[in-house]
Amino acid sequence: MRTIEWHDGKVRLIDQQRLPHEFVVLEYTDYRDVAEAIKTMKIRGAPAIGAAAAFGLALAVTHCPASSRAQVLAEFERAADLLAQTRPTAVNLFWAIQRMSEVANSPQWKTAEQVVNAVVQEAQRIADEDVEVNKRIGAHGATLIQDGDNILTHCNTGALAVVDYGTALGVVRAAHEQGKRIHVWVDETRPFLQGARLTAWELQQAGIPCTLITDNMAGHFMYRGKVDIVLVGADRIAANGDVANKIGTYSLAVLAKENGIPFYSVAPTSTIDLSIASGAHIPIEERDPCEVTHIRGVPICAEGIRAAHPAFDVTPHRYVTGIVTEEGIVYPPFTLGLKRAKSSATERSAQGPPRFPQDKNTNFSYNE
Ligand code: MRU
């Protein structure tokens with residue numbers, strides 16, 4: 001199944017807290033439960049968070065007892081406010097809420113029923129587009145991968161982090177599907193262990209050779225010549241190409257530059273935030289320090305030890321070799337290329353339903 005799905009007026013999602021040891025599908029009819037699932041990271045990964053917010057809004061209007069258009073829109077606003085407070089860094093959350101809000105509030109809907117139908121359809125469209133977008137990203141990104149490459153990745157950017165397929169891990173998947181013999185170094189990704197729990201599991205399921213390492217081993221393998229390329233995701237990309245991603249990404253980028261290894265961020269254009277000039281303005285989520293002092297509920301330090309937990313860091317654009325999007329690969333200087341990629345994606349979305357893979361026009365790059 002997809003990471004998140006709409007089924008008969010309900011939202012179904014894979015509980016990522018329980019993976020890899022248990023595969024549990026949660027079913028919700030209340031948008032408040034979806035908000036809680038995002039906050040507690042039962043569903044996580046920037047594009048998946050965006051899709052979850054969209055489906056949460058669809059739940060809010062579907063199960064709203066109101067009969068007037070105005071009442072349904074008031075319920076939509078309440079749900080949008082709550083969902084927007086769940087996680088601050090991934091811009092896909094706000095992108096999805098904004099897109100849903102434009103559709104819900106369109107003056108062409110005269111009745112409550114029309115609003116509900118439009119909102120549910122738009123949520124489904126966001127989910128379907130996400131899958132198409134990831135396949136495009138995979139096709140562009142796979143051109144960077146050579147037969148025999150050792151790829152290093154961080155956090156989880158696979159099918160679980162999106163609706164299906166994956167971003168950075170989608171590139172890995174596409175290269176594997178093309179028959180390239182690749183191997184992936186999987187950072188465990190302390191403290192929440194998305195790499196160990198989710199990425200290693202996804203790669204195992206797909207039959208892609210991988211080796212799990214602790215985060216502090218990355219430099220060792222880079223120095224020894226065992227890493228050919230670093231592929232990571234993004235939670236928000238500023239207009240100048242600075243990339244916010246899972247904590248630890250910045251260290252990897254600096255190590256990659258020091259060792260002459262290309263470092264790519266792989267993300268849909270919905271992750272690009274042109275309203276933010278540089279990474280300095282990206283809000284960084286602070287999570288519960290218990291996620292640092294404990295591993296899956298087991299304490300790893302003396303009681304009362306103070307811990308910090310910024311969940312993301314910002315990699316300055318000078319460390320980024322390129323940004324792989326569904327519209328092509330953007331190279332430095334990033335400002336113009338990111339703008340073009342974003343408007344090209346807006347045009348494509350306006351053209352209607354997904355056309356991949358019939359549409360062959362996927363092989364171009366923004367190289368300023
Ligand atoms: O805290 P998470 O697990 O939601 O963080 C996820 C990441 O940092 C991913 O790299 C990013 O969202 C891209 S997912 C395709």
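Just follow the structure's listing: the first ligand is 1, and inside any ligand the first atom is 1.
- The two residues I213 and M217 come nearest to each other via the heavy atoms CB-SD, 3.7 Å.
- At least one side-chain heavy atom of T211 sits under 4.5 Å from a side-chain heavy atom of H183.
- Expressed to the nearest 0.5 Å, how far NZ of K42 lies from CD of E36 amounts to 6.5 Å.
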Return a table of N or O atom pairs, ligand 1 on one side and protein on the other, at distances under 3.5 Å, rounded to 0.1 Å.
unit_1, atom_1, unit_2, atom_2, d
ligand 1, 1 (O), R87, NH1, 3.4
ligand 1, 1 (O), R87, NH2, 2.8
ligand 1, 1 (O), K246, NZ, 2.7
ligand 1, 3 (O), R44, NE, 2.8
ligand 1, 3 (O), R44, NH2, 3.3
ligand 1, 3 (O), Q194, NE2, 2.8
ligand 1, 4 (O), G45, N, 2.9
ligand 1, 4 (O), R87, NH1, 2.8
ligand 1, 8 (O), D235, OD1, 2.7
ligand 1, 8 (O), N245, OD1, 3.2
ligand 1, 8 (O), K246, N, 3.3
ligand 1, 10 (O), N245, OD1, 2.6
ligand 1, 12 (O), A46, N, 2.8
ligand 1, 12 (O), D235, OD1, 3.2
ligand 1, 12 (O), D235, OD2, 3.0

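- A salt bridge links R125 to E129: one of the charged nitrogens lies within less than 4.0 Å of a carboxylate oxygen.
- Between Y250 and Y319, the two ring planes are perpendicular [angle over 60°; tilted spans 30° to 60°].
- H154 places none of its side-chain heavy atoms less than 4.5 Å from the side chain of Q194.
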